[in-house]
Amino acid sequence: MATILERRSGSQAFFESFDDDLARYSLLALGCAAAAYYVWQLSLRFSSHLRRLSTFGDDKQRYYVSASERLSWFKTHLIYAPLFRTRHNREFQLSSAINMGNLPSRFHGLLVIGLISMNVTLCVVTVPYRSEEDTVAGIIRNRSGTIATVNLIPLVLTAGRNNPLISLLHVPFDTWNLLHRWLGRIVALQALVHTFAWMVPKVQEGSWSVVAMSIKGSSFIMSGLVATCSITALLIHSPSPIRHAFYETFVHLHFALVAVFMAFLWVHLKGFVAKNYLIVALVFWVLERSIRLFTLLYRNLGRVSTSATVEAMPGDAMRITLRMARPWKFNPGQHLYLYIPAVGLWTSHPFSVAWSEAEEISPDEKGLPTVQQDLLRTTDKTTVSLLVRRRTGMTDKLFKRATNSIGNRVTLRAFAEGPYGNIHSMDSYGTVMLFAGGVGITHHVPFVRHLVEGFAEGTVAARRVTLVWIIQSPEHLEWIRPWMTKILAMDRRREVLRIMLFVTRPRNTKEIQSPSATVQMFPGRPNIDTLVGMEVENQIGAMGVLVCGNGSLSDDVRRVCRKRQSPSNVNYVEESFSW
Ligand SMILES: Cc1cc2nc3c(=O)[nH]c(=O)nc-3n(C[C@H](O)[C@H](O)[C@H](O)COP(=O)(O)OP(=O)(O)OC[C@H]3O[C@@H](n4cnc5c(N)ncnc54)[C@H](O)[C@@H]3O)c2cc1C
Ligand SMILES: *[C@@H]1O[C@H](CO)[C@@H](O)[C@H](O)[C@H]1NC(C)=O
């Protein structure tokens with residue numbers, strides 16, 4: 001008898017330390033996956049850097065027109081492929097209000113499957129299924145608890161705007177958000193397994209009263225149960241339709257439930273090794289929040305604070321001009337989070353930066369400046385402009401505020417946090433195509449500006465830049481008029497930039513007039529296949545295609561780019577303005 005007991009407790013000790021080993025291995029495995037991805041990204045970045053360098057001087061870009069067959073296959077069938085046929089970003093909608101979300105891409109699908117398989121494996125390996133039921137339940141219970149806790153580390157890491165892996169691995173926030181959602185589901189299921197593996201033997205052993213008694217009698221059981229309940233609530237309130245329909249409510253509830261979950265888990269894990277994982281996760285969370293707070297204070301509290309001028313435009317859009325408290329330099333493709341307390345209290349919304357400029361303060365503004373003041377003024381104030389589409393929440397309130405004010409414009413106190421993003425550089429492509437639908441143009445304007453400037457200065461590979469913009473009415477041209485005027489006046493612009501405007505709902509054909517050979521206007525929708533085909537035929541160097549628009553536009557461009565992979569070297573990048 002004694003030996004059996006000894007062996008049992010020995011094996012228990014074995015399983016306990018074994019669980020922790022497994023937990024650490026799982027972190028190691030994730031780390032290795034990230035490292036492998038990093039190496040791959042590094043080689044891609046290196047080759048695009050070489051490509052960019054090699055174009056300086058004369059035309060050596062011919063080498064880059066065609067792609068290696070293996071890489072083409074890989075890109076067509078894995079990297080750019082939607083899960084099934086061609087659908088990726090076009091949302092599944094039950095009605096215009098209920099949005100079922102979109103399908104992950106094939107590559108994302110593989111990532112998620114990898115994550116799930118790893119977790120299932122971790123929870124079931126080496127469990128001695130032939131031994132007594134109690135032991136099996138005990139081992140599974142302990143294992144799922146430990147693994148769920150260790151998963152909190154990647155779960156918290158992938159949630160943050162300031163996740164360092166975004167810039168390190170060049171993986172955009174929306175991909176991390178996808179992983180965050182799946183990790184969350186996994187943790188919730190593991191917590192449920194953990195709870196049931198405790199509860200079922202208890203019920204079998206006696207009855208529900210035994211369960212009730214042990215809940216009452218121990219803060220350990222009680223806290224665990226509350227933690228499981230709160231993470232189950234998190235699981236239930238997070239599906240895409242709910243999240244997208246009530247985004248602000250979702251965010252606040254999410255925050256509250258996570259706080260409850262973490263607090264009760266803290267109590268539950270008293271004296272366990274697994275508590276260390278919780279601590280690491282909490283440290284990540286606190287760090288992320290501190291960085292956000294710091295950026296917010298740094299960006300907006302200078303000698304003067306940030307203000308936002310909101311102008312209502314035709315077609316349910318707004319141009320927002322931020323006068324920043326401090327100078328700020330943006331790269332194309334970056335976004336910021338905007339807080340306007342007057343309409344949105346403490347909530348923040350992401351918007352791409354369409355234009356930024358150093359506003360010159362004239363020295364005679366406040367009389368004659370002394371020399372010292374002049375020195376201080378060498379860095380001028382920055383204005384940052386956004387183009388925002390009116391939706392139903394904060395953007396709707398803002399739009400109404402503007403239309404109810406004199407001249408359809410209003411100036412409000414604002415805070416901006418950023419910059420975020422900037423994953424994709426288009427500097428190494430000889431041929432660049434930019435597709436924008438509606439307000440999506442805001443993402444492309446800085447790329448156009450940067451590429452035309454770079455062409456004139458000889459710092460980018462671009463020799464052909466085509467901007468395709470699809471709008472409903474010519475009135476919408478007003479949105480970006482001041483910026484376009486500046487771009488069209490840039491040095492050597494005619495040699496490199498072509499703009500094609502497609503007006504889907506013109507009131508009459510007279511409205512559709514092409515101002516010049518390099519700026520053309522057409523009625524109706526573009527045939528993406530023809531447009532891309534034309535560019536591929538005249539391709540210089542490698543080709544980069546960037547899309548920002550609604551889901552069906554991106555899916556269309558994605559399909560065409562996949563089709564054109566061989567023999568051409570075509571890279572496809574999209575920004576979907578959502579996650
Ligand atoms: C990286 C990025 C860049 C973006 N750039 C632009 C831009 O330049 N111009 C532009 O018009 N829009 C942009 N968007 C979309 C913009 O953030 C949303 O339209 C805006 O937050 C909607 O606010 P609302 O309260 O009116 O939303 P609602 O009408 O309540 O919701 C509309 C949609 O916006 C989403 N949404 C709402 N609040 C947030 C939030 N705080 N964070 C993320 N998504 C939210 C909802 O899930 C919903 O799908 C961008 C989004 C992202 C992710
Ligand atoms: C599970 O963990 C608890 C707490 O550490 C321990 O008392 C128990 O023996 C473990 N059970 C098994 C089967 O390993």
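In each ligand, atom 1 is the first atom listed, and ligand 1 is the first ligand listed. FYI, side chains are in, hydrogens and waters are out, and symmetry mates aren't considered; it's all heavy atoms of this structure. Here the structure is a predicted model, which means the values were calculated and not measured.
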Location of contacts on Ser348 toward ligand 1, heavy atoms closer than 4.0 Å: backbone

Distance filter under 4.0 Å to Ile139 heavy atoms, resulting ligand 2 atoms: 13 (C)

Proximity of Tyr337 and His349 rings by center, below 6.0 Å: no

Ligand 1 to His244 polar contact by distance, N or O atoms, under 3.5 Å: yes

Cys548, Ser385, Ser352 screened by side chain to side chain contact (heavy atoms under 4.5 Å, CB included) with Thr442, the one that passes: Ser352

Mode of Thr395 contact toward ligand 1 - side chain, backbone, both, neither (heavy atoms, under 4.0 Å): both

Nearest option to atom 1 (C) of ligand 2, as decided by whichever heavy atom of Ile140, Asn142, Val127, Asp19 sits closest: Asn142

Aromatic centroids of Phe330 and Trp328 separated by under 6.0 Å: yes

Aromatic ring proximity Trp182/His108, centre distance under 6.0 Å: no

Arg389: numbered ligand 1 atoms lying under 4.0 Å from its heavy atoms: 10 (C), 11 (O)

His443/His424 aromatic ring centres below 6.0 Å: yes

Nitrogen or oxygen atoms of Asp396 and ligand 1 under 3.5 Å apart: no

Residue His335 vicinity, atoms of ligand 1 by number, heavy atom under 4.0 Å: 1 (C)

Phe577, portion touching ligand 1 at heavy-atom distance under 4.0 Å: both

Atom indices of ligand 1 within 4.0 angstrom of Met394 heavy atoms, with elements: 24 (P), 25 (O), 26 (O)

Heavy-atom proximity to atom 37 (C) of ligand 1, best of Phe399, Tyr247, Phe246: Tyr247

SB check Lys400 Asp396 (cutoff 4.0 Å): yes

Closest to atom 30 (O) of ligand 1 among Asp316, Thr392, Ile320, Asp174 (heavy-atom distance): Thr392

Residues Glu417 and Arg161 bridged, charged N to O under 4.0 Å: yes

Per-atom contacts of ligand 2 with Phe272, taking only distances under 4.0 Å to non-hydrogen atoms: 4 (C), 5 (O)

Sub-4.0 Å heavy-atom contact, Leu386 with ligand 1: no

Electrostatic pair Arg505-Glu475, nearest N-O below 4.0 angstrom: no

Ligand-residue contact atoms, ligand 1 with Val439, heavy atoms, under 4.0 Å: 9 (N), 10 (C), 11 (O)

Which of the ligand 1 atoms, numbered from 1, are nearer than 4.0 Å to a heavy atom of Ser578: 53 (C)

